[in-house]
Amino acid sequence: MISISEALKIIENQVGKLKAETIDLVEAVGRVLAETVKADMDLPPFNRSQMDGFALKSKDTKDAPVNLKIIGESVAGKGFDGRMKSGESVRIMTGARLPEGADAVQKVELTEENDGFAEITEAAKSGQHINLLASEIKSGTKIFGAGEIINEQMIAAIASFGYAKIKVFKRPKIAILSTGTEIVGISEMPQKDQIRNSNSIMLKIFAGKYGDSKSLPTVKDDVESLTAAIENALENYDVLVTTGGVSVGDYDFTKTVLRDLGAEIFFEKISLKPGKPTVFAKRNNCLVFGLPGNPVSSAVTFYLFARTAILRMQSANNCELRKGFAIVASKIKAAKERDSVLPALVATNAKGELIIESLRFNGSSNFIAFARANALVFVPQGKSLEIGDVAEIMFLP
Ligand code: AMP
Ligand code: MG
């Protein structure tokens, strides 16, 4: 048996890197940046008013109230082009360019307009209510770098600098193949000995976050159909994720078939609960993750291994789940001979601490508890976690 980190190292050594492509920014969430995003202009691009009011020279308002002659207006999108002299003011709107000669804005609430004059009722300080040119960002500043995964919050910043199209790494084509004679579709009513296929849709969605995922028709536990399905996937996809058929039962054929098809198996046993029989193999450029059929085992092993590989193929900076620490709020039992990675609910308490709430995880088949998980908690082999212990967690994406 190898450790989780040894397994990750082996996978890292086998991952091929995908090339870059240019796509529309609107399609870019979840993609890995393949270029540096830089500011192509100063922001703001001019001294900009933060308020509706009057642009003026602050020294003119020292002895407020004072009356300043209104010589024009500056509107967002159409600024005032003249130069202001002492004793003058320009009506200005939020977002509009500050006229030359002005050094402050007084807000409209502190002014009164009569007969072409603005009465400024309160003195203005130099620079008030103005965002100076380039105070937000200077042209040429690096905003994001290659390897960052683009998220929703980054879109406006990228768009501001003109990237209607963006260079990202290509996504792998990922096939999901659930195996098992007992598996039926989710719209079917399982008959005696049957169970619905929850893995295919779950893994298609997990994999679809960072890849181009497709769920293949399920196959029964027979060598012939398994061989045909796996051969097809090895030829046509960058990644194949299978579930089921990797244990030591008489009808667990996945490994035999992979070997017969010429795939090299790099590991088939990890010190991990759930997920001990996880298989990692490769043929030509296709990586294969043979995950156990149990839904929680498939989910955990997908997150730990397949997700990491999928992001590594795209040269992401952070391929593994984000790690952190939290305080154990209810005892979590260790496994004697394996490290455990268990679904957990991480929350804050009234003291401002991050705590791990038990999901009453009753063995690897408890996939209903998994539905509430927002993290995984690491429980080292043989070392149960007691209330108050600090444990390592991984946040689910
Ligand atoms: P296996 O890894 O094939 O030994 O399967 C382990 C357990 O997971 C068995 O109880 C299976 O019925 C269940 N299982 C296998 N494949 C799926 C699937 N696609 N969806 C839901 N449960 C599954
Ligand atoms: Mg099976």
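One is the number of the first residue; the rest follow in order along the sequence. Everything numeric here is computed off the predicted structure, so don't read it as measured data. Atoms within each ligand, like the ligands themselves, are counted from 1 in listed order.
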Identify which of Gly290, Gly180, Gly293 has a heavy atom lying nearest to atom 2 (O) of ligand 1. Gly293
Atom 3 (O) of ligand 1: which of Ser200, Ser178, Gly245, Pro277 has the nearest heavy atom? Gly245
Could you tell me, atom by atom, which parts of ligand 1 come under 4.0 Å of a heavy atom of Arg196? 20 (N), 21 (C)
Just wondering, are more than 12 heavy atoms of other shown residues or ligands nearer than 6.0 Å to [atom1] in [X]?
| X | atom1 | result |
| --- | --- | --- |
| Asn285 | CG | no |
| Glu337 | CD | no |
| Phe395 | CZ | yes |

Do the side chain of [X] and the main chain of [Y] share a donor and acceptor less than 3.5 angstrom apart?
| X | Y | result |
| --- | --- | --- |
| Asp103 | Ser58 | yes |
| Thr121 | Leu110 | yes |
| Asp221 | Thr181 | yes |

Within the structure, does [X] bring an N/O atom to less than 3.5 angstrom of an N/O atom in ligand 1?
| X | answer |
| --- | --- |
| Gly244 | no |
| Glu182 | yes |
| Ile195 | no |
| Asp252 | no |

Do Leu311 and Leu376 land in one hydrophobic cluster if side-chain heavy atoms of ILVMFWY residues count as linked below 4.5 Å?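 Leu311 clusters together with Leu376.
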Heavy-atom nearest neighbour in the protein, as seen from [atom], with distance rounded to 0.1 Å:
| atom | value |
| --- | --- |
| atom 20 (N) of ligand 1 | Ser198 N, 3.2 Å |
| atom 6 (C) of ligand 1 | Asn294 N, 3.6 Å |
| atom 19 (N) of ligand 1 | Asn197 OD1, 2.9 Å |

Nearest heavy-atom pair of Lys331 and Ile387: which atoms, and what distance? N-CG1, 3.9 Å
Minimum-distance pair of heavy atoms, taken over all atoms of Ser49 and Met93: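 It is CB-O, 3.7 Å.
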What part of Asn199, side chain, backbone, both or neither, has a heavy atom within less than 4.0 angstrom of ligand 1?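 Both backbone and side chain.
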For ligand 1, which part of Ile183 has a heavy atom less than 4.0 Å away: the side chain, the backbone, both, or neither?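 Under 4.0 Å from ligand 1, Ile183 contributes side-chain atoms alone.
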Is the closest heavy-atom distance from Ser247 to ligand 1 below 4.0 Å?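 Yes.
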